[in-house]
Amino acid sequence: MPGRPAVPPSGVSSLLGALLGLALLGACSNAPPGSMAGPPPFGAGDDWDNPGGDWAESRYSRLTDIDKTNVGRLGLAWDYDLGTTRVQEATPVVIDGVMYTSGNLGRAYALDAATGRQLWAFSPEVDMQVNRYACCDQANRGVAVADGKVFVAALDGWLYALDQKTGAVVWKVDSFLDRSRAYTSTGAPEVAGDLVIIGNAGAEYDTRGYVIAFDIRTGKEVWRFYTIPRDPALGPQESKALEAALKTWNPKSRWDIGGGGTAWDAITYDPEFDQVIIGVGNGGPYAQAIRSPGGGDNLYLSSLVALDRKTGAMKWHFQETPGDNWDFTSVQPMILTRMAVNGAERPVLLHTPKNGFFFMLDRATGKPLAVHRMVRTSWASGWDLKTGKPIATPEYSDINAGPKLVFPAPPGARNWYGAAYDPQRKMYVAHFLDMGNLIMVPPANLAMPRRKLALNAGTESIFAPFLEAALPGLPKDVQKTITDLPQWQWVKDKPWAADVRAVDPVTGRTIWSYPREDGWQDRSGVLATQSGLTIFGTLSGKLVILDSDTGKVLRTIDTGRSILAAPMTYRVKGVQYIAVQTGWGGGGWGLVPDYSAAYAKGNANRILVFRLDGGPVPIPPDVPPEGPIPAPPVQISGTDADRLAKGRVLFSKNCSICHSNMPRAPLPSLTRMSEGAHQAFEQIVLEGLLLPNGMPRWDDLLTRADVQAIHAHLIDLQSKAYARQQAGAPPETPIYSRITTAN
């Protein structure tokens, strides 16, 4: 690769590799900036030193022991039981033969990377009330390792520095600055020199985003950067960057709700420019008409922002989605590299956010060098490189003017699952989702009050795969508005499409594509290797290995476990291993698809590690069939149509984000409650009877009458399902909808 140190050819002794690694230690992100002539080699070697693999977070490995000729010999070396049945999104880190990784809630583990023997495990004490405002499960995307410490963030915002050898807590610090707001923490910390940096989640609740840097030795705060302005009535903004951003917001914006802009992932240290680049999240509420009516671009929402490492001051920004209306975050992983552009080598950043475009930016300036549309987009038809702005199509996407079919949908053309860049083949490899959804803003929401520690999205929606089935249940005028839109034909022709795709970053040309045929939820991170392998998992439980030159399948290994997290690879004592964490969950986690291994075989989380001449993977048995629906209790006295309607709306707004009421979902279907659950319903919801299990209390937001209405709605649903069962009729196919408007 131009401008990079030469990579030793396959077969060069491991001693040379070790000497090279020692020589480059001073160039790692932990070293004083300026002490190196250039960055370390591109791609990971024997070690995989952060969740992205190397300084560039490329998810590319220079190891070549496992290649196209011998991948058929790949088998299980060892596995490790993570002891949970929720989500796994982390990619492990391996340094000097030890694997470090995180699990849900911010658990952390250290294992012998050759055998899987546990060296230590850490479980933080988590305030389980935080589950109420964890939009996307109890996810955690990994650890950082530096200065003899392992850094991990718990879901409730405490950042821990653990002793690398023992797992003992060296220090812990609260990364949440305002616990009256619905913050959560799900991303991996990022080490930048002598700092460790973390962001937070919660933009669709009632938060104002920021990132915060701590001294890695002491945990003392060094700087923080807010991603959006605060209410100007409170005085000057915290930085010049925010004073400039304020001009792009309506002075009468809904500052009380927070504004969003949380940086819940994608914080990357760029050692070449001693800068920390952060991806900023969506607006909150989603609808700009609520958040900042007529407020312009709303900087720095949905942007990439480069900060000076030492001070946290902004160096440049690039907004990928001006005036976000659609939950188009820019927190998706970025990759740093160098590339020939118009005949000259440039330091570039490769990024594919939710909004459907592929961006290649100059890392020195933040200016776009190339922008490519990757999926159907109804919010913009293209990009103007001269202005640095999208060619907007508000006639098809302005949800403030009525219901719209917006492409891409909020799950995004891309999301948190990692992409890889292969410098030999000059290709970017990632999973892409081509799907839209109905989005609408009920007029009553334009003046909605802040809902403290609760969802404040302000919009209602249905994903395209559910839309044709759900359409008859919508008001007649809404039905007509939708079917008159040109995007309705998109929905009818192709409600979704998904693939793992290799792309030329300069031209946007697709080099090859591997279709994902199971379903739109089947998404995953990828690993690329110098030996020509592209590796990823599937929800159906397959580890898929493609030929990087052609996209053809070389091998699939049935694991019996759903895989979302990106695989990684490392070498210990001359043996190369490939590892991946298994477990379904994350965004849309309540909708476990029936084609997934999690649906068929359960969701016991494990780390699976493979090597040449390993053994078979033990496949879990099928889970037993669901039992019969229990007989419902007598309906609550005094229940009428108004109470049932109220309960349906309250359930949709507050409960359905977790309780999808679909078969074998991670949380119980509330249409199958036992007699005991019905009897304790108010205690569970209002008093926190099941709080230790993760079921939060709601007495600060819901009244007893509210909870009775929700309970009446659920009794009604269970009664209808029970009657169908008794009559021998098949169960109704559930439709997931966030629409509360009645026909």
Side-chain angles (χ1 to χ4, degrees), residues 127-135 180-182 202 204-206 256-258 284-285 290 441-461 473 590 632-661 665 667-721 734 736-743:
D127 176 6
M128 298 302 277
Q129 182 68 15
V130 77
N131 282 282
R132 195 174 97 184
Y133 34 94
C135 80
S180 70
R181 302 276 173 170
E204 46 279 290
Y205 289 80
D206 60 350
D256 61 318
I257 296 179
I290 304 171
V441 185
N445 286 2
L446 294 174
M448 69 181 197
R450 171 196 169 196
R451 303 175 72 236
K452 185 178 179 181
L453 293 169
L455 277 169
N456 286 273
T459 60
E460 301 188 347
S461 62
V634 174
Q635 184 56 273
I636 298 171
S637 176
T639 293
D640 56 12
D642 288 342
R643 175 183 275 176
L644 290 176
K646 177 182 178 181
R648 179 180 62 80
V649 171
L650 287 170
F651 180 85
S652 179
K653 286 185 174 180
N654 298 287
C655 315
S656 66
I657 193 170
C658 296
H659 292 281
S660 66
N661 290 341
L667 293 187
S669 169
L670 300 184
T671 63
R672 306 178 69 91
M673 280 191 286
S674 66
E675 180 181 358
H678 281 289
Q679 291 175 348
F681 192 82
E682 290 187 20
Q683 286 177 280
I684 293 169
V685 179
L686 290 175
E687 300 174 24
L689 181 64
L690 299 181
L691 182 61
N693 296 344
M695 170 60 199
R697 60 190 300 161
W698 290 82
D699 54 326
D700 62 323
L701 192 66
L702 300 177
T703 66
R704 191 168 298 275
D706 292 336
V707 173
Q708 288 178 344
I710 293 170
H711 194 192
H713 165 64
L714 293 171
I715 292 172
D716 182 61
L717 290 180
Q718 186 167 343
S719 298
K720 292 173 179 175
Y736 183 75
S737 168
R738 295 284 298 164
I739 298 289
T740 59
T741 305
N743 197 350

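Reckoned from all heavy atoms, side chains included, excluding hydrogens, waters and symmetry mates.
Summarising the geometry of Arg451 relative to Lys653, their closest heavy-atom pair is NH1-O, 4.4 Å, with the distance given to 0.1 Å. Annotation for Ala182 and Tyr205: closest pair CB-CB, 3.5 Å, computed over non-hydrogen atoms. When all heavy atoms are compared, the tightest approach of Ile290 to Val441 is CD1-CG1, 4.1 Å. Taking both residues in full, the closest heavy atoms of Asn456 and Pro285 are given as O-CB, 3.1 Å, listed atom of the first, atom of the second, then distance. In terms of heavy atoms, Thr639 sits closest to Ala712 at OG1-CB, 3.8 Å.
A 4.5 Å side-chain heavy-atom check between Ile715 and Ile636 finds at least one atom pair inside the cut-off. Using a 4.5 Å heavy-atom threshold, the side chains of Met448 and Ile257 count as touching. In this structure the side chain of Leu714 reaches within 4.5 angstrom of the side chain of Phe651, judged on heavy atoms. In this structure, the side chains of His713 and Lys646 stay at 4.5 Å or more apart for every pair of heavy atoms. In this structure, Val685 and His711 have side chains that are not in contact, with every pair of non-hydrogen atoms separated by 4.5 Å or more. Side-chain atoms of Leu702 and Ile710, non-hydrogen and from C-beta on, do get closer than 4.5 Å to each other. Considering only heavy atoms from C-beta on, Asp699 stays 4.5 Å or farther from Glu687 through its side chain.
To the nearest 0.5 Å, atoms SG (Cys655) and CG (Asn661) are separated by 9.0 Å. Here the CG-OG distance, from Leu667 to Ser660, works out to 8.0 Å after rounding to the nearest 0.5 Å. The CD1 atom of Ile684 sits 10.5 Å away from the CD atom of Gln679 when rounded to the nearest 0.5 Å. Taking CG of Leu686 as the reference point, atom CD of Gln708 lies at 9.0 Å (rounded to 0.5 Å).
Looking at residues two or more places apart in sequence or on another chain, you find no ring pair (Phe, Tyr, Trp, His ring centres under 6.0 Å) involving His659.
Contact check on Lys720 versus Asp716 returns a salt bridge, with a Lys/Arg side-chain nitrogen under 4.0 Å from an Asp/Glu carboxylate oxygen. Residues Arg450 and Asp256 are not paired through a salt bridge, judged by the lack of any N-O separation under 4.0 Å between the basic side chain and the carboxylate.
Using modelled atom types, no side-chain atom of Gln129 and backbone atom of Leu691 make a donor-acceptor pair closer than 3.5 Å. Between the Asn445 side chain and the Gly458 main chain, a donor and an acceptor come within less than 3.5 Å of each other. With hydrogens and angles ignored, the 3.5 Å screen pairs no side-chain donor or acceptor of Asn654 with any backbone N or O of Ser652. Here the side chain of Asp206 pairs no donor or acceptor atom with the backbone of Lys452 at under 3.5 angstrom. Side chain of Glu460 to main chain of Pro442: no donor-acceptor pair is present (N/O by atom type, distance under 3.5 Å, no hydrogens or angles). Side-chain atoms of Asn693 never come within 3.5 Å of backbone atoms of Met695 as a donor-acceptor pair (strictly under, hydrogens ignored). No donor-acceptor pair closer than 3.5 Å links the side chain of Arg132 to the backbone N or O of Ala454.
Gln635 CD: more than 12 foreign heavy atoms inside a 6.0 Å radius.
Judged by distance alone, the side chains of Thr703 and Asp706 do bring a donor and an acceptor atom under 3.5 Å apart.
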For the pair Trp698 and Val707, evaluate side chain to side chain contact (heavy atoms under 4.5 Å, CB included) and give the outcome as yes or no after the intermediate values. CA-CA 9 Å; Trp698 290 82; Val707 173; 5.8 Å; no
Can you check side chain to side chain contact (heavy atoms under 4.5 Å, CB included) on Glu204 and Leu455, steps first, answer last? CA-CA 6 Å; Glu204 46 279 290; Leu455 277 169; 4.0 Å; yes
